[in-house]
There are 2 protein chains.
Amino acid sequence: MQKMINGRPYTETEDGPRFKPCAPNGVLARLGDKWTILVLSHLAIAPGYRLRFSELKHGIEGITQRMLTLTVRNLERDGLLLRHYYPEVPPRVEYELTEMGASMLPALEGFTSWIRDNWPRIEQCRRNYDAEQ
Amino acid sequence: MQKMINGRPYTETEDGPRFKPCAPNGVLARLGDKWTILVLSHLAIAPGYRLRFSELKHGIEGITQRMLTLTVRNLERDGLLLRHYYPEVPPRVEYELTEMGASMLPALEGFTSWIRDNWPRIEQCRRNYDAEQ
DNA sequence: CTGTATCCTCCAGGATACTG
DNA sequence: CAGTATCCTGGAGGATACAG
């Protein structure tokens, strides 16, 4: 069995433990990018976990067509949402959270509550730190 | 009370809910950067939650002096770790997780277990998607 | 040993125009 | 409507040299 620390796999080396960068870093980096969480959040509260491209674009302030396209493509590639294309005129495209996609945000719940609890303190620490420089 | 969906604050607008980008995005972006989680992980398993600069640098493969310095500075600024400077020759600096810092990784546990459970499926989805292009 | 200071490269992400 | 195609800019992050 793979050795684990705080849910992170690692291997022992003569220089100590070496954490594997693969899964957690990659997923967190994706979630931490500028638009992914916003797209997931909007779909998570939509009826049927479904929204049209234009609804997403309209609902997310500041996102460009290009970035929305890239963001949903990545999520589709990861199997977190499905793309439904209706070849009408004008065309209609709906994005739908998969079961896996829908389960992701709730899995973050423990962490988001940690953030909620600690955010004021973090901000205070930043102010203190900046004031000393 | 602030309205919440999946732990994320938002406000209603005439275009639907508008999520606040503040806390979750910022913290996740920080965690998702290239080195932060590795630094936290190493400190989390160190005796006394403490390591010297050189121990961190040696323990994290590929990190440069510059990036390690920047990473620990950011964590110190957020109050997640403390910097202990010993003005000897040669100088010695130890970084120590604060209580808040130590509580962060365990708070991620629910999510890391989600990743563990779903990672194989995500990788499979990526292969399928790429094969179709 | 623990940092700065510089310089450089690459790419995420924005602006804009065009298309089926 | 839902995308591509281009071009552009800022900043993350690496390489290297130097300093206290």
Side-chain angles (χ1 to χ4, degrees), chain A residues 15-16 21 25-40 42-43 46 50-78 81-96 129 132-133, chain B residues 15-16 21 25-40 42-43 46 50-78 81-96 129 132-133:
Chain A
D15 290 334
N25 273 20
V27 177
L28 284 173
R30 172 63 44 84
L31 281 182
D33 76 8
K34 199 164 179 183
W35 303 111
T36 296
I37 287 232
L38 290 172
V39 169
L40 291 177
H42 278 269
L43 285 171
R50 250 175 196 258
L51 286 174
R52 300 186 54 159
F53 184 88
S54 54
E55 292 173 319
L56 279 170
K57 176 156 168 37
H58 205 216
I60 301 176
E61 195 172 9
I63 197 169
T64 60
Q65 256 175 13
R66 180 182 129 83
M67 288 317 295
L68 179 53
T69 301
L70 290 176
T71 303
V72 290
R73 284 285 181 284
N74 280 327
L75 290 171
E76 186 195 3
R77 177 168 181 266
D78 287 353
L81 55 77
L82 288 170
R83 180 175 184 273
H84 301 282
Y85 176 72
Y86 301 93
E88 311 161 357
V89 270
R92 177 165 54 101
V93 177
E94 291 180 0
Y95 292 95
E96 178 193 12
Y129 184 91
E132 289 168 8
Q133 306 312 311
Chain B
D15 289 333
N25 272 18
V27 178
L28 284 173
R30 173 61 45 84
L31 280 183
D33 76 8
K34 200 163 176 183
W35 303 110
T36 296
I37 287 234
L38 290 173
V39 169
L40 290 177
H42 277 270
L43 285 171
R50 250 175 197 257
L51 287 174
R52 300 185 54 157
F53 184 87
S54 54
E55 292 173 320
L56 279 171
K57 176 156 170 32
H58 204 217
I60 301 175
E61 195 171 7
I63 196 170
T64 60
Q65 257 175 14
R66 180 182 129 84
M67 289 316 296
L68 179 52
T69 301
L70 290 176
T71 304
V72 291
R73 284 286 179 283
N74 280 328
L75 291 172
E76 185 195 3
R77 177 169 180 265
D78 288 353
L81 55 77
L82 289 170
R83 181 175 184 274
H84 301 283
Y85 176 73
Y86 301 93
E88 311 162 355
V89 270
R92 177 165 54 101
V93 177
E94 290 181 1
Y95 292 95
E96 178 193 14
Y129 184 91
E132 288 167 10
Q133 306 312 312

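Throughout, a chain's letter reflects where its sequence line sits, starting with A, and its residues are numbered from 1.
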Are side-chain heavy atoms of [X] and [Y] found at a separation under 4.5 Å?
| X | Y | answer |
| --- | --- | --- |
| B:F53 | B:T69 | yes |
| A:D78 | A:V27 | no |
| B:I37 | A:L28 | yes |

| said: Assuming nearest nucleotide by heavy-atom distance, tell me which of B:Q65 and B:G32 is located more 5' along DNA chain D. | reply: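 Whichever sits nearer the 5' end wins; that is B:G32.
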| request: Mind running a 4.0 Å heavy-atom check of residues 51-59 of chain A against DNA chain C and sending the residues that fall below it, in number order? | output: none
| Using a cut-off of less than 4.0 Å, is there contact between a side-chain N or O of A:Y85 and OP1 or OP2 of C:dG20? | no
| Does A:R30 have a side-chain nitrogen or oxygen under 4.0 Å from the phosphate oxygens OP1 or OP2 of C:dA12? | no
Can you name the closest pair of heavy atoms from [X] and [Y] and give their distance?
| X | Y | value |
| --- | --- | --- |
| A:H42 | A:L56 | CB-CD2, 4.0 Å |
| B:R92 | B:E88 | NH2-OE2, 2.8 Å |
| B:A29 | A:G32 | CB-O, 3.5 Å |
| B:K34 | B:L38 | O-CD1, 4.1 Å |
| A:V39 | A:V72 | CG1-CG1, 4.2 Å |

| request: Return the set of residues passing side chain to side chain contact (heavy atoms under 4.5 Å, CB included) with A:R83 (not counting sequence neighbours), or none when no residue passes. | output: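 For A:R83 the side chain to side chain contact (heavy atoms under 4.5 Å, CB included) partners, ignoring immediate neighbours, are A:R73, A:E76, A:Y85, A:V93, A:Y95.
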| task | Grab the NZ-P distance between B:K34 and C:dA12 for me, whole Å please. | result | 12 Å
| Taking atom P of C:dC11 as reference, at what distance in whole Å does atom CG of A:D33 sit? |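 After rounding, the gap between these two atoms is 16 Å.
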| request: Return the residues of residues 66-76 of chain A meeting this criterion: a heavy atom under 4.0 Å from some atom of DNA chain D. Order them by number, or give none. | output: A:R66, A:T69, A:R73
| field | End-to-end axis angle, where each axis spans five pairs of the helix from C:dC1-D:dG20 to C:dG20-D:dC1, to 10° | value | 40°
| task | Could you check whether B:Y95 gets within reach of a base, just the sugar-phosphate, or nothing at all, counting any heavy atom under 4.0 Å? | result | sugar-phosphate
| message | More than 12 heavy atoms of other residues, nucleotides or ligands under 6.0 Å from NE2 of A:H84: yes or no? | response |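 Yes, the 6.0 Å shell around NE2 holds more than 12 heavy atoms from other groups.
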| Residue mapping more 5' on DNA chain C - nearest nucleotide basis, A:P91 or A:I63 | A:I63
| Span of DNA chain D, from the first to the last nucleotide whose atoms fall under 4.0 Å of chain A heavy atoms | D:dC1 to D:dT6
| note | Output for pair (A:R30 CZ, A:L75 CG), nearest 0.5 Å, gives 7.0 Å
| query | When rounded to the nearest 0.5 angstrom, what distance separates CG in B:D33 from CE in B:M67? | reply | 7.0 Å
| message | Can you list everything that forms a side-chain hydrogen bond (donor to acceptor under 3.5 Å, both in side chains) with B:R77? Sequence neighbours excluded, please. | response | A:D130
